[in-house]
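Written out below as structure tokens is the structure these notes cover.
Remember, predicted model here, so these are calculated numbers, not experimental data. In what follows, every heavy atom counts, from backbone to side chain, and hydrogens, waters and symmetry copies are set aside.
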Amino acid sequence: MASSIAPVPTATGASVAALLPVTGRVLMSALFLASGVGKLAAPATTLATIEAAGLPLPTLSYGVATLVEIGGGLLLIAGYRTRLVALALTLFAVATAVTFHAALGDQNQMFHFLKNLAVAGGLLQVAAFGAGPFSLDARRGRA
């Protein structure tokens with residue numbers, strides 16, 4: 001189905017609409033990268049939070065979470081295997097919301113729960129529509 005909104009051309013001939021997917025990927029990745037780097041900066045605090053949530057194998061959980069956030073964030077920015085990465089990050093965001101932000105009577109936790117769901121919704125859009133023209137996927141013919 002053709003879009004009824006034509007892309008707005010810029011002075012360089014590229015369209016503003018072509019920049020939207022990469023901009024969205026970078027903005028969503030910022031959350032994951034900041035969280036992953038935070039885990040690296042404060043491993044004891046992160047491990048205590050994981051233990052308090054009752055997750056099994058806290059050290060392994062810490063490593064997996066850090067890898068998913070930093071690795072997934074970087075892959076999302078690059079637009080490499082974007083649909084798969086977006087789905088993995090969607091699952092991670094929802095699992096994090098349910099595991100760590102389920103105290104919905106607390107306004108702060110409710111905010112974080114809804115933020116995670118909103119990020120998951122944006123990632124589902126990426127999974128559905130792909131990385132866009134400025135991505136490694138597009139260079140490989142996988143956009």
Side-chain angles (χ1 to χ4, degrees), residues 1-43 45-47 49-104 106-143:
M1 183 164 101
S3 172
S4 62
I5 300 174
V8 178
T10 64
T12 63
S15 89
V16 172
L19 296 173
L20 294 178
V22 67
T23 304
R25 293 193 330 264
V26 168
L27 292 174
M28 283 189 283
S29 292
L31 179 70
F32 292 102
L33 291 171
S35 183
V37 169
K39 285 174 177 52
L40 290 176
T45 303
T46 304
L47 283 166
T49 302
I50 291 169
E51 289 169 355
L55 290 179
L57 306 167
T59 304
L60 179 62
S61 296
Y62 166 80
V64 169
T66 304
L67 179 65
V68 166
E69 289 178 330
I70 293 175
L74 292 173
L75 290 171
L76 192 63
I77 288 172
Y80 180 75
R81 304 232 182 224
T82 310
R83 293 175 194 266
L84 180 62
V85 169
L87 288 173
L89 289 173
T90 297
L91 293 174
F92 183 83
V94 172
T96 301
V98 171
T99 304
F100 296 101
H101 305 300
L104 302 180
D106 177 340
Q107 187 175 8
N108 185 47
Q109 292 303 314
M110 170 71 90
F111 171 80
H112 287 290
F113 183 87
L114 292 173
K115 176 231 355 146
N116 280 36
L117 294 184
V119 169
L123 288 164
L124 288 173
Q125 290 288 309
V126 173
F129 297 108
F134 298 106
S135 66
L136 292 176
D137 286 348
R139 288 182 58 106
R140 297 178 55 187
R142 298 178 145 210

Rounded at 0.5 Å granularity, tell me how far CG in Leu55 sits from CG in Leu47.
11.0 Å
Spatial distance of atom CG (Leu20) from atom CZ (Phe134) [nearest 0.5 Å]
10.5 Å
Only pairs under 3.5 Å count here: list side-chain donor-acceptor contacts from residues 56-71, not counting sequence neighbours, and write none if there are none.
from, atom 1, to, atom 2, distance (Å)
Ser61, OG, Pro56, O, 3.0
Ser61, OG, Leu57, O, 3.2
Tyr62, OH, Lys39, O, 2.9
Thr66, OG1, Tyr62, O, 2.8
Glu69, OE1, Ser35, OG, 3.2
Glu69, OE1, Gly36, N, 3.2
Glu69, OE1, Lys39, NZ, 3.0
Glu69, OE2, Ser35, OG, 2.9
Glu69, OE2, Lys39, NZ, 3.4

For residues Val85 and Gly72, report the shortest heavy-atom separation together with the two atoms involved.
CG1-O, 3.6 Å
Compare every heavy atom of Leu76 with every heavy atom of Met28, then report the nearest pair and how far apart it is.
CB-CD2, 4.2 Å
Where is the tightest heavy-atom contact between Ala86 and Ala127, given as atom of each residue plus distance?
CB-N, 3.9 Å
For Pro21 and Ala18, the nearest pair of non-hydrogen atoms, with its separation, is CD-O, 3.5 Å
List the atom pairs, donor and acceptor, that lie under 3.5 Å between side-chain atoms in residues 112-125 and the rest of the protein, sequence neighbours left out.
from, atom 1, to, atom 2, distance (Å)
His112, NE2, Asn108, OD1, 3.4
Asn116, ND2, Ala93, O, 3.1

Check for a donor-acceptor pair, side chain of Asp137 on one end and backbone N or O of Ala131 on the other, with a separation under 3.5 Å.
no
Please name the pair of heavy atoms, one in Thr82 and one in Arg25, separated by the smallest distance, quoted to 0.1 Å.
CG2-CD, 4.0 Å
Tell me, do Leu89 and Val126 make a side-chain contact under 4.5 Å, heavy atoms counted?
no
Pairs under 3.5 angstrom only: tabulate donor-acceptor contacts from the side chains of residues 94-101 to other protein residues two or more places apart or in another chain.
from, atom 1, to, atom 2, distance (Å)
Thr96, OG1, Phe92, O, 2.7
Thr99, OG1, Ala95, O, 2.7
His101, ND1, Gln109, OE1, 2.8

Could you tell me which non-hydrogen atom of Ala138 sits nearest to which non-hydrogen atom of Gly132, and how far apart they are?
CB-O, 3.5 Å
Would you indicate whether the side-chain heavy atoms of Thr46 and Ile50 approach each other to under 4.5 Å?
yes
